[in-house]
Structure formats: C-alpha cells, structure tokens
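These numbers were taken from a predicted model, which means no experiment stands behind them. Every chain is numbered from 1 and lettered A, B, ... according to where its sequence line falls, protein lines coming before strand lines.
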Amino acid sequence: MLTEIRKHCADLLTRKQVAAVYGLRERDGHTAPYLFTRAEDLDGLTVGTKVPVTFTLRPAKKNIISAFQEKCPGQKIAVLVRGCDERGLYEVAKRGQIQVADLAIIGYACDADQARACHCPRPHPQNLKFGEKVQGPSNEAFIAKIVNMSVAEREAFWRAQFSKCIKCYGCRNSCPVCICKECWMENDAFSPTGWLPPDFPMFHFVHFYHLSDSCIECGACVDACPMDIPLNLIRKVLSKKVQEELFYTAGQDPEEKPPLASREEAKERLEKGI
Amino acid sequence: MSSTPDNFEPRIVAFLCNWCSYTGADLAGISRMNYPANVRAIRLMCSGSVKPFFIMSALHKGADGVLIGGCHIGDCHYQTGNHLTKKRIPITRELLGALGIDPRRVRLEWISAAEGQEFAEVIHEFVKELKALGPNPLAGGDHAH
Amino acid sequence: MNYENVLTTCPYCGAGCNFYLQIMDGELVGVLPCKDHPVSQGKLCIKGWTANEFVTSPERLTKPLIKRDGKFVEASWDEALDAVAAKFKATRENHGPDALAVLASAKITNEENYALMKFTRAVLGTNNIDHCARL
Amino acid sequence: MKTIKLKINGIETEAPDRTPLLQAAERMGIRIPTLCHHPLLEPYGVCRICTVEVRIRNRVRMVTACNYPVTNGIEVFTDSERVRRNRRMILEWMLARCGHVPVLNRLAEEYGVTEPRFGRGDDDCILCGLCVKVCSEVVGANVLGFFDRGPNRTVSTAYDRTSDRCITCGACAQVCPTGAIRIKDDQEGIYQAMPMGPLTSINIDFMQAVPRKAVIDRDSCIHFKTGKCQVCVDVCEAKAIDHKQEDRVEEVEVGTILLTTGFQLQDPRVLKEYGYGKYKNIMTSLDFEVLNNAGGPTAGKILTADGKVPKSIGIVHCVGSRDQKYHEYCSRVCCMYALKFAHLIKEKIHGCEVYNFYIDMRCFGKGYEEFYNRLLREGVNFVRGKVAEINDAALDPSEEGKLIMRAEDTMIGVVRRIPVDMVVLCLAMEAKPEAKHLSHLFSCSTGKDGFFTEKHPKLAPVSTPADGIFIAGACQGPKDIPDTVAQAGAAASAALSLIQRGEVETEAVTATIQEEMCSGCQICVGVCPYTAITYDKGKNKSSINDALCKGCGTCVAACPAGAAYQKHFRDQQIFAEIDGILAI
C-alpha cells in the first residue's frame, strides 16, 4: 500500500496538480508530520501511526493546513488522512479554519488492530483510496464500563481519575478540533491557576462540553495524557447522546452545521436536512 | 445514597430568562403564591445565554440544584434563543451524569410570563426531589474559591 | 511553505522526554509530542508542551543586567560576574555562609548542576542549594 | 377626420365620416328603433327595424340606419310615412315568428300593428344574432352559432349540447333584446357563495378601501379566460385600464414598519354541533353583515336562503371564544355586535323574535350597558346559557324547515329548545396563521394564542421587541373598532416620533466580540436570531452590529472561546452572582 501511495503522491507533485503533500515522514526511526514539496522526498513518506495530521499548533491555534492555506492562498494541497484525520479536517472546516474545497484528500484505511487500539468506531475515511475498510470496535462495549455504574460509583471513579491530573493541558493541546485562541480551561474564574489537582470536575467539564458536538473520537487526548485518564469514556458517552438527541455525528460532512452552532431545533434540522 | 438529614434545605440556583420565567416567577410572587424559599434566581436576558459553565459552577459552589427557566418553544422573545437551550441542557445533563453528578440536579423548564402557578409548582417539585437526593456531594469543592 | 519537525530532548528536567519542535518557514511554531520515543511515549507535562514559547519570548534575558540607580542596565559578563562575586563575598563576611542560597536550573545539564552543587558546598560553604524541578 | 354635412328630418347636422346613420341621429336625440344593434358590436343590419328613408339628390332609398354610413348632402327621414309603413310590415313578419315577445309588442303598438295579418308565432328568438356576435366578437368563447336554414334556423350551441367552452359570462343573455336567453337563477348557489365576492369583475374592494381604486378580478374577468373582450378598455374614458399589469415585488427602504395584519374568524365548521355548512340559514357574523348590508346580495333585506323573511333569529355568543377547546380568551367584540344585530333585526323585521344566547354580557364601554338596557326594552330575548346543539329535527309540522336550538337557560335552570328560522354564530376572532411567519420575518414574537406580543402590556402596548416595528389592531389581540383606531393612532405616532428623530437607541445589553480572542469559527453567526453577526473573511473574525443586536446573549453562550460577551451579563458578573447567592 505504501509504495502505491508514494507513487500516487509523486504523480500529483510532478504533474503539479498539488503544491504540496502533507503527510507523515519517517526519519531516524521516528515519525512526524511533514510537508512534502518535492517528489524525491517521498521515499520518507509513511502511514499508519497515531500521529494526527490535524492537531492544532499552540499558541498559534492553527493547524498546518490552515497555516498553509493562509500563506499560499489558492494553492492546492494534498493531505494523507486516516478516518479520524478526515473527520478532524471536516470539523475544523465547519468552524471556518480550513477550506476543504482546496484540499485533495487522499484517504487510507486503518487495519483492525489499529482500530482496536484506538477504540475507533470508524477506522476509515470517506475519501478512501488505499487499503480495505474494516469494521471498528463498537462504542457500546467500551462505554459499558461507566454506563453500568451508579451515579455515586461514577463520581468515585472520576474523582480518583481526575485526582491524578497534573493540568498539563495535553488533552487540549493534542486535540485536532480545539481551535479557540482563548481557552476556557485557562479561565481563572472557573478553574484557578495554581490549584493542583484541579477541582473535580470543573477543569475537565470545559473540554468535555466544548467538544460535545465536535469530538471525532480520535483518542489523541487519551494518548497525550501522562496520567492515563480514560477521557474517551466520557467523550464517547457524549457523542452517543449528541447522535441520539441532536441527530448529529461529528466529521461526516463538511457542509453540515454543528447542532450547537445553528438556530434550528434538533428535529427541524433533521427535517430540513441541515 | 447517604441518609438525608431531616433539616436539609436544598439550595437552588435558578437561571431565569428575563421575558418569561423571571416574569413568571414575579407573577407567582405578586399573585401571593406559596413556594419554598430554597430558590435563588439569577436573571438573564434569555435562557439561550446560560453557559453550561454557569450550571457547573453553581453546582461546584454548593448549589444542590440548578433550574434553567425559559420561554416555551416558539414563544422565545428572541425567536430561537431557547432552541439552543433545548439542545445544550440535555448534553450538559448527560455530561454531568457521566461524570457522576446526578443529572436530576439540573432541571430545564419552560415557564411563560403567565405561568406563575407553574413556576411555584416546579419549585415545589424540585425541592421535593432534591430533598430526596440529599446534599450535593460536590458542594464546596476540594478547595472552594 | 516549508514545514518540518525536529526531534529534540526537553530541556526542562532530567526525565529526558523527547518531542518534536515544529518549524514552519524557519520559525519555531510549536511542540509535538513524539509517540514512539521510549521515554515520553507521546506524553508531556505543561512545561514540555510550552517549551517552544520561551525561545522567542521577548522577555527572555540575552545579556546580563545590573541595577544601577534603581534601573537595570546592560553590562558585560565580566562586570556582571564581578558584581556577583563581590556581593557573595560581602554577604558571607558580614552574615556567614548560611545567609547565601543557590537555586539550580532544570534547563542546565546534570554535570553543570553537579558543578553548581560543588560550588555551593565547597566554595560558598552552605547546604542551601535547591533545584527548580523539585515541584 | 373629415366632417360630413347632412340633414336629418329636415334639420342640418354634421357627423364624422363613416358614422352610421343610427349614431348620427342619436347624437341629435332622434331615436331610431333597433333590435339587432349593440354599440360594442359591428352593425349587422339583420332586424331591419331601423330602416330609414334616404334622399341622395333626387334618388330615394330605403336603408338600414345601423350600418349605412353618412355621406355628404344626404337627407334622412327617420319617421316618414313610408318608413313607418315599412316598419309595420317588418313587425308583422317578426310577430309571425315571435308573437309574444314584449319588445316586439311594444313596437307593434307604437306603429299601430294591432292584429298581425300572418298570425302570432310562439318563438322567443328573433334571430338578431347579437348573442352569437357577442359570444365570438367580444367574449371570444365562440360557443353560440346559427344552425340550419330558413324556417328551421336557430341559435344554439354545437350539437345542442352544453358547451364546455362556455364560461357562463352571461353576455348573451345581457345583449338579447327579447329575453329569449335567460340565466337560471340558482338560489342555492347564491346562498352558498355568500358572503359574495365581487359582484362584477371590475370592482372597488370595499367602500372604505385605500386607495379607492377599481381593480379587475382575474378569476371572473372574461379577458383572462378567453383573451378577448376588453370592453372596459373602450369604455374607460380615462384610459386607465391595462390588462397587462402584473404583480411585482418592490423593495422599499423604510425606517419603521407598522404591523397591522388583522385577524381571521374562526372556521365555524370545526364546531360540528352548530351545523354550519350542514344546514341552510346558519351563518357567521360576517355573513350576516354582508346580508344586512345595503350593497349586499339582498340589497340589505334580511332573508332566509329561500328568500323568506325570517320570523325568529337566534344569535349565539362566544362561539369558539372563552372555550377551553378552542380559544380561552374573550373575543371582546361579539357581545356588542350581537346586540347591534338584534337591534337591526328588530328595526328591519317587525315582530321578529331575536334570541341572544350568551355566557356573560360583556358590555364594557361607554354607552354599552345603556345599549344593552335599550335592547332589553326592545323586547330582545336573552338566554344565559351556551347553545349545546343546533339541528333541524322537527317535532311537529310547525317546526318543519326550522332550526332547533338547544341550550340550558341557567337563569331558570331549564334546558330550552327554541326553533328559529335563522342562526347567526358570533365566531371567535383568531390570529391569522401567517402571523407566525411574519413574527419571524419582523423579529417580533407571537403569544401562545398566535397574536403578536407587544413589548410591554401596559407601558409599550404598540411596540415590539424589535425597534422600529409597531403593531396595531386585531393582529395584537381581539379588539373593537374604537380600540383599533386608538391603537393605530398610537402606533402611527410612535412610528412618526422615530422618523422625526431619525435614529434609534440601541439596546443596552448588546453583545460584543473581542476581536483578538475570536478564532473565526462562526458558531455565533449560526445562532444569532437577528443576523446581527457578520463574519469578515479577510480578517477571519466575526463582529456584531450594535443596531441589530437585541442582547439575547445566545452567541455569548455559544462562543467556545469566550470572545463574545454581553454587556451587564459578563461571566465575571454571573459568577459573582452565583457566589453571592450561595454565600447565604
């Protein structure tokens, strides 16, 4: 699959169909995002790690694609995406950060093992070009752990989990759909500077609520958490609620308006197909 | 659930919209309707301006229950302000529930300016429910500020 | 536009976490955790996450400053070190060695920290030394 | 145009070239009898009654005046002995076919034909062809034509069948000189059509319409059915008629808007127990107004559907009003107009029994209670009780054809059964269904009854939450004419005072976006009900227009960054309030 992807990208670059290919590069045994502008560099191109391509840069609060589109307006850029990367692109596009029309989205599927490791329910992008679709693990089984708890048990569980928090902001910093310049997690009135661990559950409430209708379930926050707090448990519960109550699944369609960003009632949106 | 002391009086923070619920509460007052004194109202222009953080903050600072009162759907003074409320509050409650805070502590009610009676009834009911739930375990936080 | 990531070790403490510094058109724009590094495994603390910020911070000291007439003015290293040495001496003579304390930095190497410890104990003659990473 | 000089009956006169003699004579006030002539139609010269004597130099000719054009120097005799003899002969021939047509008999009498020599036929049609010509030339429907020849000649439709091309315009009957064509009066139809639409295709909406201009009703205008006619264009001296006018959308920039969209009557069919639409002679209050109007279908006579004068009339108050099932509110106007109806009935029909069925009499204004007392003196019956049912179940022959009203008379605690000839339902005034849409369009709101909500019921009764938009009249709630006039005056002066000032005060609680914190996500744009927020693509920032913002704060709660804040409702203020109220 990798050879074909490299060939396809080299083709796009040499035929000048895109100005750059944004993907992952392996160098000295480590993988990181890289903006390929020359076809000969593509030997280093790789796929399939858990490095997201849509993470937001702090404190610039932009991602690489939006920075590119700002610096080189009108130029087309190819992006190599997994399912979660693509959903992330769509969610930030809905919030005015990037122009999806100027992107050549090249998708590749994750395999079953990768999907299981990420608890990813949709391990393939819609613009799937390389690889085979596999079924992701179900969220139901994953969230059963806290769904089956009583309210008091949940409280005890999360108190223990969040007491580990060192307020590194890793969950926020690694999030591909977090775009705010000023973050409520840093709001002193809500969660004051200097308190460690932060008061349960004030600090985390912000991130959970704010991403309720944009979380793409990529798991970047869990990966980034040095204290291994299972943040995605709550994210998946919320995503489920948003799907059931507001008839919305994040990352499906770049034209769709997020429910908490539109005036219409949830039912009205469903009827109008907004 | 820990046993509730008999003299437990829950404290309710009510975020009421200026045009319907606040006026409704007012009407309950001027109509001399009885309702428990457990409720403390914060007037906002629209229920659509209630940030979920306000609810969280109130619970954290010791409120045993939070009431959000808005105009009935379709009657919003600002046309669609309460549509947002209708979408936000269930999400907020779900999040609170998932975190281990009883979502019954947060209540969304549509109370029009003419529904003083309804306002009084809602408070009666809410107080009863909160008494059964007991004091808010979050109250005061780990280090209140 | 040019964009790449340079792998480096976090300068803050002795843990040795690695991360990428993100370079966009020659400018340092951010930190990206390195998922496959054996030490940090893609996790960082608040200092690591913001490690890029001090590099270009306008508040960063690049030259020694000596306070003269209530105002900091730029000085040469020799002037600065002389001033420090003179004050150390005076303090030690007037108030004894325990009137002095040293706070070591997390951003210097282990060897430098060792040297500072020796300086404090052997030269200044006090045990008053601590390290900023001891949070 | 050339002018022709001629002499008619010895008097010299002038007429434009090509004018038919008939018209030239008419201009001098000389009547020439005619049966087949119509000013809108080309002269046809078929009835021959208009035959006159013309002397051109020394020659004398008998010509038909309707189609003989004037020429220089001719002398015309319209009533000479020869002409009269001629007409007598023609009339005798006509009577031989149509012996009993009044117009022919009148002419015969005029010309002294007492006993026609050829007998009197029984036909009505003199075959003048006016109907055929009007149908093809004016109306353009081409339904009528001549069929067969000689003695068997008739006017009819193709194959003598009802033509589906006939638009029932009635023009043929209108032009027929003998009354051979009749429009069948459909009493039932007329009753069903009540309150009647415009009586003619060209009409003025109602007497007080502003602007008071005639309009063409496209549904009934012949031109819009057949593409012909346009008689009105010829007739209108002001040349004001233009059939090509189309509705068009005009954009007008204004500073203030008055919403005065009115109300509608509740649909009486919903109240099945009152049998509207099922029985004849049950009408709505508006139907009765039309019936009672001098310009209405009966010229103001109160008549039942069969054209009879009713001997008893029942008036039902609170139909759909003060009713938990329909409208909880009181429609305010019914009591008084019901009293007015009763009074008018008493005035117009001597001895008519009027029954008012009411819940409470709400005679709330100046002179109103006095009017009620007057009606009591006039002998109007008042039954306190809601009518349970109206049907036509007659118990004895005297009740045959009557409407039976059943109601509990709560004053005497007896269920009464009152047969009447006619029933008037005083229907609830309700909000128009389009009010909801309008409220969204104009950023004001409607209450749960659908009427527009005023900004404050006591202090700002004509204002809406949207600055510069005012309401007046029944769109705000049921009210009578004096109240409407008063409110309209207030709304107009409120609007004028704004216009006079030329500026509006913005809300004190508007929201603002702190630019440096805005990430350009546009969530606020999507949630704003007033389109007050615009996104600047160049700057990748959104900003709020102070004049449009109404200060709901929805955007503030939606802004994930906290870049939007609402004056007087800032986060710090709310948090401080929470702190404060939880401190005790």
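Heavy-atom distances place both the backbone and the side chain of C:C45 under 4.5 Å from chain A. Contacts of C:L32 with chain A are made by side-chain atoms alone, with heavy-atom separations under 4.5 Å and no backbone atom involved. Of the atoms belonging to A:D41, not a single heavy atom falls under 4.5 Å from chain C. Looking at A:F36, there are no atoms closer than 4.5 Å to chain C (heavy atoms on both sides), in backbone or side chain. Both the backbone and the side chain of A:A224 come within less than 4.5 Å of a heavy atom in chain C. With a 4.5 Å cut-off on non-hydrogen atoms, A:F68 touches chain C through its backbone and its side chain both. Residue A:I166 touches chain C through its side chain alone, counting heavy-atom pairs closer than 4.5 Å. Proximity to chain C (any heavy atom under 4.5 Å) is shown, for A:A19, by neither the backbone nor the side chain. Heavy-atom distances place no part of A:K62 under 4.5 Å from chain C, backbone and side chain included.
Per-residue heavy-atom pair counts under 4.5 Å with chain C were compared for A:I64, A:D28, A:I77, and the maximum is reached by A:I64. Taking A:V51, A:T37, A:D223 one by one and counting their heavy-atom pairs under 4.5 Å with chain C, the maximum is reached by A:D223.
Here C:E27 does not pair with A:K71 in a salt bridge; the nearest charged N to carboxylate O distance is not below 4.0 Å. The residues A:R25 and C:E4 are annotated as salt-bridged, a charged nitrogen and a carboxylate oxygen being separated by less than 4.0 angstrom.
Side-chain contact, A:D188 with A:T193: a donor N or O sits under 3.5 Å from an acceptor N or O. A donor-acceptor pair shorter than 3.5 Å cannot be found between the side chains of C:N18 and C:Y20.
Of all heavy-atom pairs spanning A:I179 and A:R95, the tightest one is CD1-CB, 3.7 Å.
A perpendicular orientation is assigned to the rings of C:Y12 and C:F54, their planes being inclined by more than 60° (bins at 30° and 60°).
For C:K63 (side chain) and C:E74 (main-chain N/O), no donor-acceptor pair under 3.5 Å exists by modelled atom type.
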Inset, instruction - Apply side chain to side chain contact (heavy atoms under 4.5 Å, CB included) to C:V31 and C:L21, showing your working. - result: CA-CA 5 Å; C:V31 165; C:L21 288 176; 4.0 Å; yes
